[in-house]
Amino acid sequence: MSQTFESIFKDNIKRVHYQVDGLSSEKSHIQVVIWPTFSGLSDFEKGIADHIASLGFSATALDLYGIEHNPVEMEEKLATMGALLAEAEPLHALLSELTQSACDAIHGKTIVHVGFCLGGRLALEAGLHLHDSAGAASFHGLMSFFRAQSEEKANTKAKMLVLNGHQDSLVTEADAQEAKRYWTSLGMDFQFIDFSNTMHSFMLPSANNPDHGSQYNPQTAQRGYRYLANFLEEFV
């Protein structure tokens, strides 16, 4: 692990995750770990955690960067994301550490990852590479996740759900097909849903930059919530 990665994401970083207990005794053993966008933990992810808890599941929205470390300017966000995704080994070590901190002192829990934009890719990374993960759901996440070094190292038991805008310029048809071929080669359980007339960041109410391919879509967002609820029910 490079010193640069440690200094950005590890050294002297204090994190406070947003954790909500599930409201159903039959579902609260499902621990949903929520990975944020490249802007870091915000009210959006906290709202997602509240919504998931209202369905009966336990949820933790992760503080990815640490208190007062969220990047603000676009250039800073892109640079921070680039450093995070540069190498597989330190990335996966951090994903494991943060997942453990989210599920600290929780035993016998079923862990499912959910993420948005950057967090969508991180959810897929965690589902594929962390063997205590039962599944992962990606909302407008990129398909450039690191592949496992071997089939034996892949968490092939994880279920994958990808919710993708068909007009998302950041996910090409080739990217989508390659991800499907990869999961198929591992014999994994996956669903890949394309939403018509939908761009990147379709779940984010603040997304309003269609000229650059990013736009909130309330109809698609509602469909996304329903797909997520059905997906989580599979783990009960």
Side-chain angles (χ1 to χ4, degrees), residues 5 8-9 32-42 44-45 48 60-65 70-71 74 77-99 102 111-131 133-149 153-156 158-183 186 188 190-195 198-204 207 213-214 224 227-228 231:
F5 188 94
I8 297 174
F9 302 107
V32 181
V33 178
I34 301 167
W35 298 91
T37 73
F38 70 167
S39 297
L41 180 62
S42 70
F44 169 73
E45 289 82 11
I48 295 294
T60 301
L62 291 176
D63 184 1
L64 180 60
Y65 301 129
N70 281 355
M74 179 60 70
K77 292 179 182 181
L78 292 173
T80 304
M81 180 174 67
L84 180 69
L85 302 177
E87 298 179 57
E89 185 175 349
L91 172 63
H92 296 156
L94 181 65
L95 297 185
S96 178
E97 181 178 313
L98 295 186
T99 298
I111 299 173
V112 180
H113 301 272
V114 175
F116 303 82
C117 298
L118 166 62
R121 172 176 165 176
L122 297 183
L124 296 178
E125 296 270 5
L128 179 65
H129 296 281
L130 305 186
H131 283 257
S133 303
S138 166
F139 290 81
H140 37 83
L142 303 188
M143 296 297 103
S144 52
F145 56 89
F146 289 112
R147 275 47 170 175
Q149 294 179 346
K153 292 185 177 182
N155 180 28
T156 57
K159 297 180 180 181
M160 300 295 191
L161 171 65
V162 175
L163 301 177
N164 180 65
H166 189 61
Q167 279 71 42
D168 190 336
S169 60
L170 298 180
V171 179
T172 67
E173 184 64 23
D175 291 336
Q177 292 303 323
E178 176 54 33
K180 295 175 189 178
R181 282 192 294 268
Y182 175 70
W183 289 322
L186 295 176
M188 294 181 66
F190 72 88
Q191 304 171 67
F192 197 110
I193 312 299
D194 263 331
F195 296 113
T198 300
M199 297 182 182
H200 190 65
S201 299
F202 59 81
M203 294 293 292
L204 304 178
S214 177
Y227 272 103
L228 177 61
F231 183 64

Could you tell me whether the side chain of [X] and the main chain of [Y] form a donor-acceptor pair under 3.5 Å?
{"X": "Asn155", "Y": "Ser133", "value": "yes"}
{"X": "Gln191", "Y": "Lys159", "value": "no"}
{"X": "Asn70", "Y": "Tyr65", "value": "no"}
{"X": "Glu45", "Y": "Ser42", "value": "yes"}
{"X": "Ser214", "Y": "Ala207", "value": "no"}

Report yes if the side chains of [X] and [Y] come closer than 4.5 Å at any heavy-atom pair, otherwise no.
{"X": "Val162", "Y": "Val171", "answer": "no"}
{"X": "Thr198", "Y": "Asp168", "answer": "no"}
{"X": "Phe38", "Y": "Leu84", "answer": "no"}
{"X": "Ser144", "Y": "Leu85", "answer": "no"}
{"X": "Met160", "Y": "Leu128", "answer": "yes"}
{"X": "His200", "Y": "Ser169", "answer": "no"}
{"X": "Ile34", "Y": "Phe116", "answer": "yes"}

Rounded to the nearest 0.5 Å, how far apart are [atom1] of [X] and [atom2] of [Y]?
{"X": "Arg147", "Y": "Leu186", "atom1": "CZ", "atom2": "CG", "result": "10.0 Å"}
{"X": "Leu163", "Y": "Met203", "atom1": "CG", "atom2": "CE", "result": "8.0 Å"}
{"X": "Leu161", "Y": "Phe192", "atom1": "CG", "atom2": "CZ", "result": "10.0 Å"}
{"X": "Thr99", "Y": "Leu62", "atom1": "OG1", "atom2": "CG", "result": "6.5 Å"}
{"X": "Lys77", "Y": "Met74", "atom1": "NZ", "atom2": "CE", "result": "5.5 Å"}

Nearest heavy atoms of [X] and [Y], plus distance in Å:
{"X": "Glu125", "Y": "Phe145", "value": "OE2-CA, 3.2 Å"}
{"X": "Thr80", "Y": "Phe9", "value": "O-CZ, 3.5 Å"}
{"X": "Ser138", "Y": "Met143", "value": "OG-CE, 4.5 Å"}
{"X": "Ala83", "Y": "Ile8", "value": "CB-CD1, 3.9 Å"}
{"X": "Ala136", "Y": "Ala123", "value": "CB-O, 3.2 Å"}
{"X": "Leu122", "Y": "Leu64", "value": "CD1-CD2, 4.1 Å"}

With sequence neighbours excluded, what pairs up with Tyr227 under the ring pair (Phe, Tyr, Trp, His ring centres under 6.0 Å) test?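 In terms of ring pair (Phe, Tyr, Trp, His ring centres under 6.0 Å), with neighbours along the sequence ignored, Tyr227 is linked to Phe195.
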Ring pair (Phe, Tyr, Trp, His ring centres under 6.0 Å) partners for Tyr182, two or more places apart: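 With sequence neighbours excluded, Tyr182 shows a ring pair (Phe, Tyr, Trp, His ring centres under 6.0 Å) to no residue whatsoever.
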Side chain to side chain contact (heavy atoms under 4.5 Å, CB included) between Cys117 and Leu204, intermediate numbers included: CA-CA 10 Å; Cys117 298; Leu204 304 178; 4.1 Å; yes
Just do the side chain to side chain contact (heavy atoms under 4.5 Å, CB included) check on Phe139 and Asn164 with the steps written out, would you? CA-CA 6 Å; Phe139 290 81; Asn164 180 65; over 6 Å; no
Side chain to side chain contact (heavy atoms under 4.5 Å, CB included) for Leu124 and Leu142? Distances and angles first, verdict last. CA-CA 9 Å; Leu124 296 178; Leu142 303 188; over 6 Å; no
What orientation do His92 and Phe146 show, parallel under 30°, tilted 30 to 60°, or perpendicular over 60°? perpendicular
Could you give me the CA-CA distance, side-chain angles and deciding distance for Val33 and Leu98, then say whether side chain to side chain contact (heavy atoms under 4.5 Å, CB included) is met? CA-CA 9 Å; Val33 178; Leu98 295 186; over 6 Å; no
